[in-house]
2 protein chains.
Amino acid sequence: MTRRRVHSWDVANLAGVSRTTVSFVLNNVPGMRISADTRQRVLEAAKQLDYHPDASARRLVTGKTSILGYVERQSPEHALSDAFLPQVLRGVHDSAATYNFEVLFAPIPLELSKGRFSRLLQGHHVDGIILSGPRSDDQEVHQLIEANAPIVLQGHLPNMQVASVDVDNVKSAKMATSHLIRKGHTRIGMIVHSPEAFTAGEARLQGYQETLEEHGLSVDPDLIAFASFTSSSGEHAMRKLLKAIPRPTAVFISSDTVAIGAMQAVQELGYHIPQDLAIVGFDDIPMSVYLKPPLTTIHLPAYGIGWAAADLLIHLIDKDDALETNVLLDTELVVRESCGASRI
Amino acid sequence: MTRRRVHSWDVANLAGVSRTTVSFVLNNVPGMRISADTRQRVLEAAKQLDYHPDASARRLVTGKTSILGYVERQSPEHALSDAFLPQVLRGVHDSAATYNFEVLFAPIPLELSKGRFSRLLQGHHVDGIILSGPRSDDQEVHQLIEANAPIVLQGHLPNMQVASVDVDNVKSAKMATSHLIRKGHTRIGMIVHSPEAFTAGEARLQGYQETLEEHGLSVDPDLIAFASFTSSSGEHAMRKLLKAIPRPTAVFISSDTVAIGAMQAVQELGYHIPQDLAIVGFDDIPMSVYLKPPLTTIHLPAYGIGWAAADLLIHLIDKDDALETNVLLDTELVVRESCGASRI
DNA sequence: TAATTTTGCTAACACGTGTCAGCATAGAAG
DNA sequence: CTTCTATGCTGACACGTGTTAGCAAAATTA
């Protein structure tokens with residue numbers, strides 16, 4: 001490994017041409033006439049020497065790093081985002097690789113973000129940023145967005161003109177709710193997690209309500225309960241729902257993590273899932289399939305989210321601005337056992 | 001954002017000094033006499049302009065990228081490593097940040113690794129590599145190790161002289177086994193997952209056996225079953241174990257994922273955990289706490305593994321070679337309900 | 001006063017690449 | 001034969017920084 005590094009002039013010497021020609025050949029520069037013979041010689045020399053251009057030198061002269069930063073900025077929902085990070089990151093990477101971009105992993109916690117963003121962007125460590133776990137009260141990110149920095153949100157921030165990739169929450173909630181209706185349920189409750197801090201919760205609630213109305217079912221406030229990000233908050237919410245008269249026969253829960261606690265409450269109260277109560281969750285966390293009974297839920301396309309975010313960001317960096325800047329991805333209903341067989 | 005980039009000579013001009021002086025001050029170059037007054041002026045100018053040196057230029061001239069690559073190379077055990085990736089990566093990042101290193105996320109699947117390693121190292125995208133999920137049959141990695149490339153394995157590869165960070169599997173298995181013995185069990189079985197491809201399985205089996213012997217208990221081959229990486233293989237293994245006569249009263253399972261399937265088998269056969277059968281797992285995957293009953297298991301210090309790997313790699317890069325190159329981290333027994341109350 | 005050392009700073013080079021302007025040579029056109 | 005154009009290649013500059021060698025002025029010593 002202490003073997004001297006191979007440079008472009010080594011390739012040039014071996015091929016008997018100038019360094020410039022090597023660059024033209026290896027980068028496939030358009031409009032440059034290179035004879036087939038020379039091109040061949042250069043390619044062979046490069047392969048023989050296992051030449052790879054120095055990334056820093058190339059970046060310095062081109063002004064492009066071809067690196068995008070994946071910045072984590074989560075707060076309480078850590079547990080959820082953690083479960084998806086591997087897939088999202090792989091999506092980001094694979095998409096970026098298509099454009100010969102690399103991915104820098106850079107968590108920047110809210111507390112000690114002191115200058116980290118400047119370092120990343122002004123210091124030219126990355127060409128742009130994918131921001132995971134955006135928060136409305138994040139001053140530093142607001143500044144970046146206003147400065148028109150190349151940023152793509154993984155998620156959503158209301159009243160902000162910024163590119164983003166998210167799941168179509170309204171549509172997804174409609175899928176879940178209408179599935180329960182199709183099963184014959186008419187008393188359908190919902191547990192919404194953290195609608196204030198997390199706009200997705202609100203959107204999912206909206207989808208649920210609209211679907212009920214579209215099917216001529218009334219929206220009963222007693223059948224809507226709120227939770228935070230934790231399982232135990234789901235337990236609490238479910239106990240409240242089950243006091244409603246008449247009892248709901250099905251509940252749509254806007255987060256699988258919350259659903260875990262809710263299911264526990266149901267079973268502790270002596271009810272059976274799905275016979276006494278059908279349940280549909282949201283997220284399809286890896287654990288969902290192992291729950292008892294296995295949870296019917298809305299599958300979050302984590303890999304696709306990562307892919308789309310990187311794709312959008314790179315187009316943004318290259319100033320193909322005319323691009324749709326708010327991507328909404330479709331989800332899928334994964335039917336397992338918790339929603340029960342048809343009631344009809 | 002189209003605002004012109006700030007360079008070191010901007011700072012120099014504003015402070016009324018040369019670019020060289022700016023560099024000396026900002027990098028705290030030792031042995032350089034700078035008057036307190038000048039130093040102050042430079043620091044203020046830099047802060048006022050929000051100056052951050054261009055990463056590429058600095059890398060080009062110093063020859064150090066100050067980036068380390070986190071390379072994923074997993075195969076079947078994806079599910080397991082995925083559960084820990086977020087924590088490991090955070091550990092890697094935080095440790096690296098201590099040395100002003102960045103972290104590049106670079107999965108390189110076995111199939112299409114065509115030149116990716118060369119690109120990374122020869123192309124000087126990174127100074128070194130942390131390799132997650134090393135496989136003994138990985139030719140490309142063998143070559144890198146023999147070429148003495150700066151690599152740290154996250155895990156272990158037998159008969160290879162290469163730096164690595166792993167958990168003390170023998171010691172951990174002893175903790176698990178002796179805990180069951182302390183609870184009063186004498187018929188203790190074990191399910192080993194994939195000992196052939198995954199050396200950790202073998203080590204855990206060894207720890208189990210030695211502990212039995214140390215306590216004067218015989219090792220009964222009928223009480224040892226093998227599984228792969230999946231839950232369903234655990235189901236199969238457990239069914240086999242429960243046919244032993246007399247039945248084991250406790251089982252140590254070398255993987256939580258496998259334990260999930262095993263527990264399912266136990267309950268399907270009508271036995272109760274932990275009354276009829278106590279269970280201790282290994283890994284402490286996030287899901288373990290939600291199982292029924294919650295799984296007693298060995299906690300894998302994912303964050304610590306990441307931290308240690310980055311620390312080791314950076315020391316290796318800086319040629320502090322005298323460093324211990326095979327780090328073994330301690331684990332912790334997390335007692336929940338599946339191991340039962342004391343039998344004594 | 002003259003010689004020497006110390007202090008505080010700077011000019012100039014190097015890192016390895018991409019790329020613009022230009023230069024021979026060969027062929028075509030006049 | 002001369003002039004022009006296309007072909008195939010190259011010399012030289014630029015990117016922004018770290019760093020070595022060195023220089024003037026001030027301080028110290030002789």
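Residue numbers begin at 1 in each chain, while the letters A, B, ... track the order of the sequences.
- Direction of the helix axis in the helix from dT1(C)-dA30(D) to dG30(C)-dC1(D) shifts by 60° between the two five-pair termini, rounded to 10°.
- Note on S35(A): only backbone sugar-phosphate atoms sit closer than 4.0 angstrom, heavy atoms only; bases stay farther off.
- Remark: side-chain polar atoms of D311(A) are not paired, donor with acceptor, to backbone N or O of W307(A) under 3.5 angstrom.
- Side chain to side chain, T21(B) and S18(B) meet the donor-acceptor criterion of an N or O pair below 3.5 Å.
- Computed from coordinates, the N27(A) CG to dG18(C) P distance equals 5 Å when rounded to whole Å.
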Contact list (N/O, under 3.5 angstrom) for nucleotides 26-29 of chain D vs protein:
none

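- The nearest whole Å value for the distance from the CG atom in L26(A) to the P atom in dT19(C) is 13 Å.
- Distance, K64(A) NZ to dT17(C) P: 21 Å, rounded to whole Å.
- Comment: D54(B) does not engage R58(B) in a salt bridge, judged by the lack of any side-chain N to carboxylate O separation of less than 4.0 angstrom.
- R73(B) contributes no side-chain N or O that, together with a main-chain N or O of P134(B), makes up a donor-acceptor pair within less than 3.5 Å.
- Residue T21(A) is classed as a base contact, given a heavy-atom separation below 4.0 Å to a base.
- Nearest-nucleotide mapping onto DNA chain C: of V17(B) and F24(A), the residue sitting toward the 5' end is V17(B).
- Between the side chains of Q139(A) and Q143(A), not a single donor N or O lies within less than 3.5 Å of an accepting N or O.
- For an aromatic pair to be called close, the ring centres must be under 6.0 Å apart, and H315(A) with Y99(A) satisfies this.
- Summarising the geometry, the separation between CE on M32(B) and P on dT10(C) is reported as 13 Å, rounded to the nearest angstrom.
- For T38(B) and dC9(C), the shortest distance from a side-chain N or O to OP1 or OP2 is below 4.0 Å.
- Atom CZ of R33(A) is separated from atom C1' of dT7(D) by 8 Å (rounded to the nearest Å).
- The side-chain heavy atoms of L121(A) and V126(A), taken from C-beta on, include a pair separated by under 4.5 Å.
- Rounded to an integer number of Å, the gap from CG of N28(A) to P of dG18(C) is 12 Å.
- Residue S18(A) places none of its side-chain N or O atoms closer than 4.0 Å to OP1 or OP2 of dC9(D).
- K64(A) places a side-chain heavy atom less than 4.5 Å from the side chain of I317(A).
- A heavy-atom distance below 4.5 Å is found between the side chains of E72(B) and F105(B).
- Judged by distance alone, the side chain of N13(A) and the main-chain N or O of D10(A) form no donor-acceptor pair under 3.5 Å.
- Although no hydrogens or angles enter the test, the distance criterion places a donor-acceptor pair under 3.5 Å between the side chain of H142(B) and the main chain of S136(B).
- Per the geometry, CD belonging to Q122(A) stands 12 Å off P belonging to dT17(D), to the nearest Å.
- The closest donor-acceptor contact from the side chain of D127(A) to the backbone of L68(A) lies at 3.5 Å or more, if one exists at all.
- Under 3.5 Å, the side chain of T20(B) and the base of dT19(D) form at least one donor-acceptor pair of N or O atoms.
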Can you give me the N/O atom pairs linking the protein to nucleotides 13-16 of chain C at distances under 3.5 Å, or say none if there are none?
{"residue": "dG16(C)", "atom": "OP1", "partner": "H7(A)", "partner atom": "NE2", "Å": "3.2"}

